[in-house]
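Below: one structure, written as structure tokens.
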Amino acid sequence: MIIALTGFMGCGKSSVGRELQTLLGCPLTDLDSYIEEKTGRSIPEIFSEEGEASFRQHEHDCLKRFLEETPEDETVILSLGGGTLTTDGCRDLIKSRTKCVYLRASLDTLEENLRDGVEGRPLLKGSGSLRSKISGMMKKRGPVYETAADIIVDTDGNSFAETAETIKKIMDGDDTVK
Ligand code: S3P
């Protein structure tokens with residue numbers, strides 16, 4: 001089983017992924033790092049040299065490649081980029097091959113987490129307030145995450161470790177967990 005973690009930039013996908021990796025004792029791949037490894041370039045470099053459409057193509061190709069090289073019977077965690085589910089091709093791959101967990105965070109939490117995290121994130125740079133950028137993108141993306149996810153976990157007020165525990169309990173079939 002591939003456990004795919006999705007959610008907006010700054011929701012904690014990579015950090016929760018690392019906690020879940022410790023809890024489940026299985027490998028973790030960060031899709032952005034995988035793209036950087038396969039293309040030999042950083043995410044900001046790809047954005048500035050080729051633009052977003054080209055980044056999305058790399059993202060799709062890398063996701064497809066990762067899924068092809070991951071055996072069906074292995075448990076692995078895949079931390080997605082915040083925009084991975086916005087393209088039809090990636091969404092179809094994720095829906096067909098993974099158990100997708102949406103880490104849902106409020107605008108306040110996202111803004112707080114992203115205040116010092118704009119540097120490596122091309123889509124949050126430029127003029128306008130950080131909050132209005134997050135809010136504008138979340139209006140479009142929120143429903144996309146919710147529709148694609150098999151499981152939704154609200155993360156506000158919980159540590160990354162607590163969120164990982166919640167995911168594990170849901171995976172283990174604990175129906176007292178909402
Ligand atoms: C993006 C999110 C980033 C990265 C790229 C685009 C997005 O990943 O894939 O900058 O469209 O939301 P994180 O969500 O890990 O920051």
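Just so you know, these numbers use all the heavy atoms, side chains as well, and skip hydrogens, waters and symmetry mates. Just so we're clear, the structure is a prediction, and the values are computed from it rather than from any experiment. Ligands are counted one by one from 1 in listed order, and the atoms in each one are counted from 1 as well.
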- Charged N-O contact under 4.0 Å between Asp150 and Lys95: no

- Note on the structure: Chain-and-number sorted residues having a heavy-atom contact under 4.0 Å with ligand 1 are Met9, Lys13, Asp32, Ile43, Phe47, Phe55, Arg56, Gly81, Gly82, Gly83, Arg121, Pro122, Leu123, Arg141

- Item | Lys/Arg-Asp/Glu bridge criterion (N-O < 4.0 Å) met for Asp172, Lys168 | yes

- Does a salt bridge link Glu50 with Arg41, judged by any charged N lying under 4.0 Å from a carboxylate O? yes

- Item | Arg141, Arg104, Lys140 screened by salt bridge (charged side-chain N to carboxylate O under 4.0 Å, His left out) with Glu146, the one that passes | Arg104

- Roughly how far, to the nearest 0.5 Å, is the OG1 atom of Thr39 from the CZ atom of Phe55? 9.0 Å

- Note on the structure: Tested for side-chain hydrogen bond (donor to acceptor under 3.5 Å, both in side chains) against Arg56, the lone hit among His60, Glu52, His58 is Glu52

